[in-house]
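Below: the structure, in structure tokens.
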There are 2 protein chains.
Amino acid sequence: MPITVLLVDDEPLVRAGLRAVLETQPDIEVVGEAADGAAVIPLVRRLRPDVVAMDVRMPLMDGIEATRAVLRTVDGPPRILVVTTFENDEYVYEALRAGADGFLLKRARPAEIVHAVRLVAEGESLLFPASVRRLAASYGDGPGNRAARDLLERARLTEREAEVLRLMARGLSNAEIAARLVVGTETVKSHVSGVLAKLGARDRTQAVITAYESGFVSAGRTGT
Amino acid sequence: MPITVLLVDDEPLVRAGLRAVLETQPDIEVVGEAADGAAVIPLVRRLRPDVVAMDVRMPLMDGIEATRAVLRTVDGPPRILVVTTFENDEYVYEALRAGADGFLLKRARPAEIVHAVRLVAEGESLLFPASVRRLAASYGDGPGNRAARDLLERARLTEREAEVLRLMARGLSNAEIAARLVVGTETVKSHVSGVLAKLGARDRTQAVITAYESGFVSAGRTGT
DNA sequence: GTCCGTCTCCCCCGCCCGGGGGAGACCGGT
DNA sequence: ACCGGTCTCCCCCGGGCGGGGGAGACGGAC
């Protein structure tokens, strides 16, 4: 019997692409589609797919929430393959922690997409598909990319520093960050200095640029 | 006779999606695909498509160059439909100035995609498809989005201010921008102030964030 | 028990940044 | 000839920012 797949992505074009790619395979069948995480639970209950190809970023309920919800409320849950545009999207790692079984880049080649679906369907985890490595390797050593890659590879930012960087990337001043985190401004300055040093940034603007370029934060979703 | 279409996009998934969407139409035929602008000219010569669906952002030769090249070197050139992720990508407007006939958001619904191809094939221009308006309207009035939308709608940045903003978004200081543009630092400060005022930004960091969020600049391509 | 890392806060200091003004030169449109 | 917009440069000034130190408290690792 074929591998059954449910597609969850807010962009119809991506769904159509995944469907087209997957249905070239006789042993893979796309049994349903959803445009948002909010619609996933009933669909999973009814269709009982082997694999859910889940976008991380969606308007109403994102892939992380949806992953948690499915794993929490459905018996014998499907395998979940997280689909994303960015190779080092922080949300992806959250999704994996939430119980997703693998992740897949949208820019992967068709053969890799098929391979990923087969792998997770077989119960394998797929945390670092070839395309990720290939992509990381394809980065040049330009001044911008070096810092961005370091951010990814070192991942030396402490939890607090990462939190501060996220707030910096939303345009907050040191004083505003201090108020938000309920600490002194001197403390924030400490963390900011740590971030700048670790990212090789001269000022907060460069740090925020690195955050965007590395995918640590990304345009389009100004989170809550 | 059917409308013939050539797909040019570096992501196979997007090509597959476009192909799947367009081939639901009996009168539309996808006659070829290319992964980069560099491959377009010979394909256009050989296949003589009515429409080229062209991604703006591609590794070797981007959609702007490719558009210019096609229009310059091919007799009876095809209509060119620029395909993009961002509704206000500065490159899109460059592409339109380069002679493209319309642009299309990747997140458009299938019916809109089909409609767009038909329109440009008929010789119509499609500069502001419904999906753009819909998308702009869907923006909330959060502090981040307001500024981003203003950037789009007002488009009040002068050429020089836009240039300065681009350099700000690459992490340059006022002094460095001045050196790059061969003007005084006071002049740069003037332009920076103009940018901040027009974007409603408090400091250069917020301005750069707006630049990213609005798609004025975008992650992934650290331009020359 | 000791050490290391993290988080917290403090000092001093230099300086770039951004605000608020103003002003001359050029160009294009009316 | 006039005016609006843009680009260029200048002044003063305050404040946030970032560097360079240091230090105490806590927790986990050894």
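Hydrogens, waters and symmetry mates are skipped; everything else that's a heavy atom, side chains included, is used. Reminder, nothing fancy here: chain letters follow the sequence lines and each chain counts from 1.
Distance A/Glu176 CD to D/dG16 C1': 12 Å, rounded to the nearest Å. In this structure, A/Glu161 places its CD atom 11 Å from P of C/dT8, rounding to the nearest Å. Remark: P of D/dG19 and NZ of A/Lys198 are 14 Å apart, rounded to the nearest angstrom. Atom CZ in A/Arg204 sits roughly 13 Å away from atom P in C/dC17 (whole-Å rounding). Nucleotide D/dC17 holds its P atom 16 Å from the CD atom of A/Gln206, rounded to whole Å. For the pair B/Glu159 CD and D/dT6 P, the interatomic distance rounds to 11 Å; values are reported in whole Å. With rounding to whole Å, B/Ile177 atom CD1 is found 13 Å from C/dG18 atom C1'. Atom-to-atom, CG of A/Leu157 to P of C/dT6 comes out at 10 Å; the value is rounded to the nearest Å.
Here D/dG19 is the nucleotide among C/dT8, C/dG18, D/dG19 with the atom lying nearest to any side-chain atom of A/Lys189. Set against C/dG18, D/dC7, D/dG18, the side chain of B/Asp203 has C/dG18 as its closest nucleotide. Looking at the side chain of A/Glu186, the nearest of the listed nucleotides C/dG18, C/dC9, D/dC9 is C/dC9. Ranking C/dC9, C/dG18, C/dT6 by closeness to the B/Asn174 side chain, first place goes to C/dG18.
B/Glu163 and B/Arg160 are joined by a salt bridge, as a carboxylate oxygen and a charged side-chain nitrogen come within less than 4.0 angstrom of each other.
Mapped onto DNA chain D by nearest heavy atom, A/Ala201 and B/Leu181 fall at different nucleotides, with B/Leu181 at the one closer to the 5' end. Heavy-atom nearest nucleotides on DNA chain C were determined for B/Met168 and for A/Ser190, and the one closer to the 5' end corresponds to A/Ser190.
Close to C/dC16, at under 4.0 Å from its OP1 or OP2, lies no side-chain N or O of B/Ser173. Here A/Thr158 reaches the OP1 or OP2 of C/dC7: one of its side-chain N or O atoms lies under 4.0 Å away. Taking side-chain N and O atoms only, A/His191 has no distance below 4.0 Å to OP1 or OP2 of C/dT6. Contact between the side-chain N/O atoms of A/Arg202 and the OP1/OP2 oxygens of D/dG19 is not found at any separation under 4.0 Å.
Put simply, the side chain of B/Arg15 gets close to the backbone of B/Asp9: a donor and an acceptor are under 3.5 Å apart.
Contact annotation for A/Ser193: backbone-only contact, meaning every heavy-atom pair under 4.0 Å involves sugar-phosphate atoms and none involves a base.
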(message) Is there a salt bridge (Lys or Arg N to Asp or Glu O under 4.0 Å) between A/Asp203 and B/Arg204? Walk through the geometry before answering.
(response) CA-CA 11 Å; A/Asp203 52 48; B/Arg204 67 204 298 106; 5.7 Å; no
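Counting heavy atoms from C-beta on, the side chains of B/Met168 and B/Leu172 never come closer than 4.5 Å. Counting only heavy atoms from C-beta outward, the side chains of A/Leu181 and A/Leu167 approach each other to under 4.5 Å.
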